[in-house]
Amino acid sequence: MDHKKRIVAIAFLYLRRKRRRSVWVHQILCGRQQQGEYHRLVQELRLDDVLFQLYFRLSKGQFDNLLGRVGPRITRINTSLRQAIGAAERLAICLSVQLQSGHSTVAGIVKEVAEVIWLSLLNDFMPIPSSEDWESIAEGFYHHWNFPNCLGSIDGKHVVIQAPPNSGSLYHNYKGTFSIALLAVVDADCLFRVVDIGGYGRTSDGGSLYNSAFGERLRDGTLQLPEDTVISGSDHRGPIPHVFVGDEAFPLRSNLMRPFPGTNLPREQRVFNYRLSRARLVVECAFGILSSQWRMYRRVIGVSPATAEVCVKATCILHNFFRVTSLRGEHRVSNPNPAPEDDTNVALQEVSRMGTNNATREAITIRGTFTSFFNQEGAVSWQDRI
């Protein structure tokens, strides 16, 4: 018996020794303290596509494209370091620290560059949608997600931050953390079309929508939404309004659909909830991509609410930039050894479910029309599995 124990112990020590790494730091990273972050590290990273992708979260082509767009604005930033640090170096610093900043010189650079990224990319990658843009979004939802006349999936998240001084309970949310609210409208391709950032953490999804500029324009009808249209094959139902889809946290309105409440629902209502949830999935996917792309969402962000708002805006616009440029041919380099998925996205949490149930008769009728469509001429074979 003792002989077997010795064999097991020797095998354990052998396997443990075999797994030990001989090099803990990549050779490229060893010289950055002596030879500089940008002039040494970045130039050598360009020799390795995969390592460059892992370090900056974008390809070399995307980095150069982004630098060409934001570089002129960065060079005009009025800081004491403008003579010592150029536009490329500042962009590299901002991306390498993953938009995480504290109370340091780097923190000032990150905030300044994040503001420039937002302003430089806004018109090209998150413009105010026109009526034609809304129609294109609706076509995408019908083609990819089988939901007609859908203009976007809407949802909110908490971005967890350090408790701001003297803020009382303004930023304190129902989960016991301090946060700012991120409200987003996402299209069928997981692109952010509208974002509203900076709401108090104690506010629910419905409250964030009501207090946002988007919610105000949605109520007063100034969003340039398309006219009501007849769904193909459903002429007998007449023109149907274009709508946004959300979860139970949002109110039911004529231009905003939410699921039927309750559990023991008739089959027709369960089918509607399934089809709506399927279309609404894109906003959850977008938030998931955002949190996996940027490590700042995996911990409490230790900055002021104003700085956190700037950094969140930069990540949202960069999310669109990455996806659009990838579709244009600047494909991301695949990582042969991907890191395991981390489900603990500390700084990106669900917003409380406190939506109002005061729906208008018109909104109830519109939801009933969609329900009938999904159960009759708009039915698909796989919805019977619910």
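Note that the coordinates shown come from a computational prediction; the quantities given were computed from them, not determined experimentally.
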Cluster check [X], [Y]: I/L/V/M/F/W/Y, side chain < 4.5 angstrom:
X	Y	answer
Leu122	Leu119	yes
Ile128	Val186	no
Leu151	Val230	no
Ile289	Trp294	no

Looking at Lys157 and Glu284, is there a salt bridge between them, counting it only when a charged N and a carboxylate O are closer than 4.0 Å?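 Answer for the salt bridge query: yes.
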How many angstroms lie between [atom1] in [X] and [atom2] in [Y], if you round to the nearest 0.5 Å?
X	Y	atom1	atom2	value
Ile240	Thr229	CD1	OG1	7.5 Å
Leu183	Ile197	CG	CD1	9.5 Å
Leu318	Arg323	CG	CZ	14.0 Å
Leu218	Leu225	CG	CG	6.5 Å
Leu45	Gln53	CG	CD	11.5 Å
Asp124	Asn320	CG	CG	11.5 Å

Sub-3.5 Å donor-acceptor pair from the side chain of [X] to the main-chain atoms of [Y], do we have one?
X	Y	value
Arg258	Glu248	yes
Thr315	Val312	yes
Arg275	Asn146	yes
His242	Asp228	no
His319	Cys190	yes
Arg69	Ile117	no
Trp118	Val310	no
Arg217	Thr222	yes
Gln269	Pro266	no
Arg367	Met257	no

Looking at every non-hydrogen atom in both residues, tell me the closest pair between [X] and [Y] and how far apart they are.
X	Y	result
Gly246	Arg280	C-CD, 3.4 Å
Ser232	Tyr142	O-OH, 4.4 Å
Ser208	Thr203	N-CG2, 3.3 Å
Met126	Phe192	CG-O, 3.4 Å
Ser234	Glu377	OG-OE2, 2.7 Å
Ile180	Gly198	CB-CA, 4.2 Å

Is [Y] close to [X] at the side-chain level, that is, under 4.5 Å between some pair of heavy atoms?
X	Y	answer
Pro241	Ser254	no
Val194	Ile154	no
Ser136	Glu132	no
Phe272	Leu265	no
Leu223	Phe214	yes
Pro251	Leu256	yes
Leu170	Arg202	yes
Phe374	Leu276	no

Inspect the surroundings of [atom1] in [X] and state if more than 12 heavy atoms from other residues, nucleotides or ligands are less than 6.0 Å away.
X	atom1	result
His143	NE2	no
Tyr200	OH	no
Phe260	CZ	yes

Please report the C-alpha distance between Ser292 and Arg298 in whole Å, then the side-chain angles of each, then the deciding distance to 0.1 Å, and finally whether the side-chain contact (heavy atoms from CB on, under 4.5 Å) criterion is met. CA-CA 8 Å; Ser292 64; Arg298 301 190 180 188; 4.0 Å; yes
I want to know whether Phe370 and Phe147 have ring centres closer than 6.0 Å.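 So the answer is yes for these two rings.
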We want to know whether Glu268 and Ser372 form a side-chain donor-acceptor pair, criterion being a heavy-atom distance below 3.5 angstrom.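 There is no such pair between these side chains.
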Checking Phe244 against Phe250 for the ring pair (Phe, Tyr, Trp, His ring centres under 6.0 Å) test, could you report, in this order, the C-alpha distance in whole Å, the side-chain angles of both residues, the deciding distance, and whether it holds? CA-CA 11 Å; Phe244 297 90; Phe250 294 96; over 10 Å; no
Run Thr307 and Val110 through side-chain contact (heavy atoms from CB on, under 4.5 Å) and show every step you take. CA-CA 9 Å; Thr307 302; Val110 168; over 6 Å; no
Out of Leu209, Asp247, Val282, which one pairs with Asp155 under the side chain to side chain contact (heavy atoms under 4.5 Å, CB included) rule?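 It is Asp247; the other options fail the test.
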Both conditions, 6.0 Å and 45 degrees, for the charged tip of Arg219 above the ring of Tyr210: are they met here?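 So Arg219 does make the cation-pi contact.
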Gln62 vs Phe321, test: side-chain contact (heavy atoms from CB on, under 4.5 Å). Steps then yes/no. CA-CA 9 Å; Gln62 290 174 322; Phe321 172 79; 4.2 Å; yes
Evaluation steps, side-chain contact (heavy atoms from CB on, under 4.5 Å), between Leu182 and Leu290: CA-CA 12 Å; Leu182 164 60; Leu290 190 71; 4.2 Å; yes
